[in-house]
Amino acid sequence: MSGADNIKSLREELLDQTAGEAEGNPRPHTREEIIAMMDAAAQKAGKDDHKEKHDGGGFLNAAAFWVLWAGVFTAIAAIIYVVISARDSGGAGIVLAGGLALLIAVFLTGAAMKMFSPVLVAGVMLRRVTGKKPAEAVELAGAEILGALGLAERVLDADPDARLVARRDGVVTYANRAYFQLAKAAGVMGPASLPPRIDRLFAQQGAEATKVFRLCRAAKSAEAAEEIIYQTMGLAGGGERRRFEVSVRPIRGAEDHVAWRLRELPVEEKEQDSLAAAYADFPRPVFALEKSGQIAWANAAARDKLGAQRGQLQAIDDIVLGETGDLVSGLWRIDREPITAQVRRRNADPAEATFSAFRRGGIGEGFACVEMAIDESVDEVEDVALSGDMSESPFGVAIIEGEINRDGRIVEANKAFAEALGAQKKNSPLVKSVAQATLEELAEEIRRKTRAGGSPKPIEATVGTGAAARTYALFARPVRRKRGSYGVRRTLLYSVDVTDRKMMEEEYAQDQKLRGIGELASKVAHDFNNYLQVVIGHCDRLMLKHPAGDPAYADLVQIRENAQRAANTTKQLLAFSRKQTLKKEVLSITEILRDFSRFLTRSIGEKVKLELVNGRALPYVKVDRYQLETAVMNLAVNARDAMGAAGGTLTIRTQNISAEEAKARNIAGLLDQDYVLIEVADTGPGVAQEIADKIFDPFFTTKETGKGTGLGLSTVYGIIRQLDGVIALKSAEGKGATFEIYLPAYEAPDQKVDAPKEDASPSRAAEPKDLTGAGRVLIVEDEDPVRNFVVATLTDCGYEVSEAADAEEALELLEEDMDYDLVISDVMMPDMDGPSMVKQARETLGLQSKIIFMSAYAEAAVREQLDLIEEAGYIQKPFTLQGIAATVKDTLYPATD
């Protein structure tokens, strides 16, 4: 057999062996394995040549070889001869032509008989392979014949794997066609369509970049290395995740260059990895974890437990919730210590899982094989249905199918839920009963509850508008599904009516606002009213000395009126916290408004027309006349200001409202009882909707700075609520505003109510009354100006008056002399208050005198202290001269029936 046949058979044998091994393992042979096989093939070829020599085949090959060399020498000799004797070239030319013809004939005969071989061609190239080992000779001859025939580049281009020849510093020398196609797919072709460096092709961050760095370091040191690298390539759909086995090898005889090979592997390995194949049907979940956190492969059991499809588990973050750095580090040590973490499942809720690494595998750094065990105790089956008792429960229950904030549908609901949220039809969309914003809050609460646990947080939903609106607290609880179930998600939705609670919260908030203002007012009322007491009291005394017609009388009137306005402001502040003293009486609304109308007319001015429309057969009401008049006055003044300088019409209308009509009006706070309605309507611009809800808030005003305090409507609100009534605003912008005051009708079923007595209110002048009297009176007051006024007033009225500056001084006077007909004491004093002083005097000294307390605080604020003393009278500062004189006389000389 010829040398060419030997090489041909060697190549076929190698291909056969490679193909046979590829069926079981497609991994290419290493360099050492290939050299060993080539040595064995060369030895076999040598034995075959020796055998053919005995058979005669070797003689023909040797003869052809010597004929070839003879032809070559003949041609050389002919050429030399022609050069020496160029003139006489007849015979020499024939010889030269014959030699050349013989050489050509030999080559043609060899080509026709396929007798060319690496040894023959090497002889032609004047480079015999001698003195070398068989494997090295065959390898060198194969490389040289490929180079001679121009086949080396074509062989590399035909390789389906990407091949690259580069300098050790990374500069590309040669790239085959597969590498060009890979670079184009990755979008990293260099300028002028030059192939990119290997580190640019795999330009990444994190652990994959570390792998590339190790390969480049091996190339620089002319060492062999290989790694498994993941790379996302392309732009369509965010790129495609691909997996490569990248190897680098030094080139013998070209120490400055290295050869790179990139073999693409499936992202989800099957038969390509022996461990993946071994654990493919393993009944327990197992996956391969690289040091970078990438998932090399996961068996069917792991994908089934996590509800993932093939190729969806690419990194540990696709499995574990939260930080994964410590988990990967712990598993990479292969110490078999179990590590617990929470895993996400696409087919169920998150659950606790235990991870345990048990061995290493793969090429390069490889991966760790990890076994996963999921705690599935939370996946117990829960049978959901509404029983008969649940159907009649006082709170709503419904079963929702689907995502609660997307395609949720009500498949079953009890009576309370259907009536509350209008879910009358089965399979009706939940969004038709609950607003989308509320559903989003419910979904977020479900996610929060799943992550953090704890008690559920109610989500409030309002159904309806106006007074008919109802507020419900919604609670959502996902239903546990069967293990491995992929069915529609179900959620239990509970509804609880919290309308009354919300109303109480709002009323409490409003009450706290008013109470805060009232507490502030009560702190300053004591000193403020004491000052006013001095001003009003001495002004009254001066008016007695300067009657009408005196030049100073008009100034005294102005002083008294402004002091009284200041006193009314204090009472308005007290109205916020409902601490002002009320004197409720059974009165007729018609008579109150008829008598009060002439004062309203003067207050609203000439450009505002007052119309009073009284209803018929109105029931009586039990109110504090002065406070009700104050409320109506404030509403009238506000209406005047709203109508402006052009004026308008102010209408006050009264009518009877039955219990049925009150219920039908749907106004918050109205009970099922009869009411008397007072409407105060104007023809102004009305109240805008955006400020209607806060119009009764303290200090809220739409007037210019300096023209309003924001206390008027707040005062009205506090007064009406203290009278057990309700006030509401009915307004349309541009059509005027109407304030409706609902006062409970007074019911006296067991007694006949006579017409109310005429009351000496501040709106009418009181008849002259004899205020003089006789008796001994003790005045106890720590404020000197107030005490001096009371002493002077009662002295002028004919009483014998003694005074004390505090409680201790009063007790000393009582020890010396107990013969007092009346003791008038301030409530709040330093060291000891008035009620405590009187109680001590009665218990220790046997005091029998009548008692009147006076205070700058409202009676409600000191009621607890006043209750300590039986049959004690009370008068609030600031009081007038006539007020204190009348109170003293009525106490000492009570009227007899």
Side-chain angles (χ1 to χ4, degrees), residues 11 14-35 37-38 139 142-143 146 151-168 170-190 193-204 208 211-212 214-216 218-219 222-234 240-252 254 257-274 276 296-297 362-364 366:
R11 182 178 299 169
L14 289 175
L15 290 175
D16 292 340
Q17 291 180 10
T18 303
E21 293 178 358
E23 294 180 0
N25 185 5
R27 185 181 62 81
H29 294 287
T30 64
R31 178 174 179 273
E32 290 74 12
E33 292 174 342
I34 293 176
I35 291 177
M37 289 188 291
M38 292 180 70
E139 184 179 359
L146 289 177
L151 295 178
E153 182 177 349
R154 297 181 184 180
V155 170
L156 292 177
D157 278 340
D159 194 339
D161 295 338
R163 305 295 293 268
L164 186 70
V165 177
R167 292 194 327 208
R168 289 163 60 177
V171 177
V172 176
T173 302
Y174 169 79
N176 70 345
R177 186 176 304 170
Y179 189 86
F180 273 95
Q181 293 175 350
L182 183 62
K184 289 180 180 178
V188 291
M189 285 295 294
S193 299
L194 295 178
R197 296 162 54 107
I198 195 72
D199 53 353
R200 186 164 180 264
L201 178 65
F202 293 105
Q204 292 196 57
E208 301 305 299
K211 296 178 182 180
V212 176
R214 288 198 296 263
L215 289 171
C216 293
E223 298 176 356
E226 57 186 17
E227 296 281 354
I228 296 293
I229 297 179
Y230 291 88
Q231 175 78 11
T232 301
M233 294 184 174
E240 179 186 4
R241 189 170 184 262
R242 303 171 71 173
R243 184 168 176 256
F244 297 91
E245 179 187 26
V246 182
S247 61
V248 59
R249 297 287 184 270
I251 300 177
R252 189 173 61 184
H257 290 76
V258 291
W260 294 84
R261 181 169 185 165
L262 288 73
R263 185 164 68 97
E264 185 166 6
L265 304 175
V267 175
E268 186 71 20
E269 289 200 47
K270 298 178 183 177
E271 70 280 357
Q272 285 79 1
D273 192 292
S274 58
W297 50 261
I363 63 176

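Note that CD1 of Ile198 and CG of Leu262 are 4.5 Å apart. Values are rounded to the nearest 0.5 Å. One distance of note links CG of Leu201 with CG of Leu164; it measures 9.0 Å at 0.5 Å rounding.
Closest non-hydrogen pair, Tyr174 versus Leu156, comes out as CE2-CD1, 3.4 Å. The minimum heavy-atom distance linking Pro196 with Ala183 is given by the pair CD-CB, 3.6 Å. Nearest approach of Val248 to Ala219, heavy atoms of both residues: CG2-CB, 3.8 Å. Pro195 and Ala175 get closest at one heavy-atom pair: CB-CB, 3.8 Å. Counting all heavy atoms, side chain and backbone alike, Ala162 lies closest to Leu182 at CB-CD2, 4.4 Å. Considering every non-hydrogen atom in both Val246 and Trp260, the closest pair reads CG1-CE3, 4.0 Å.
Side-chain atoms of Arg242 never come within 3.5 Å of backbone atoms of Glu264 as a donor-acceptor pair (strictly under, hydrogens ignored). Under the 3.5 Å distance criterion, the side-chain polar atoms of Asn176 are matched with a main-chain donor or acceptor of Arg163. Panel note: side chain Tyr179, backbone Arg261; no donor-acceptor pair is recorded below 3.5 Å.
Looking at Glu226 and Arg249, a side-chain N of the basic residue comes within less than 4.0 Å of a carboxylate O on the acidic one, giving a salt bridge.
With a 6.0 Å radius and a threshold of 12 heavy atoms from other residues, nucleotides or ligands, Arg168 has its CZ atom above the threshold.
With sequence neighbours left out, Ala158 forms a side chain to side chain contact (heavy atoms under 4.5 Å, CB included) with no residue at all.
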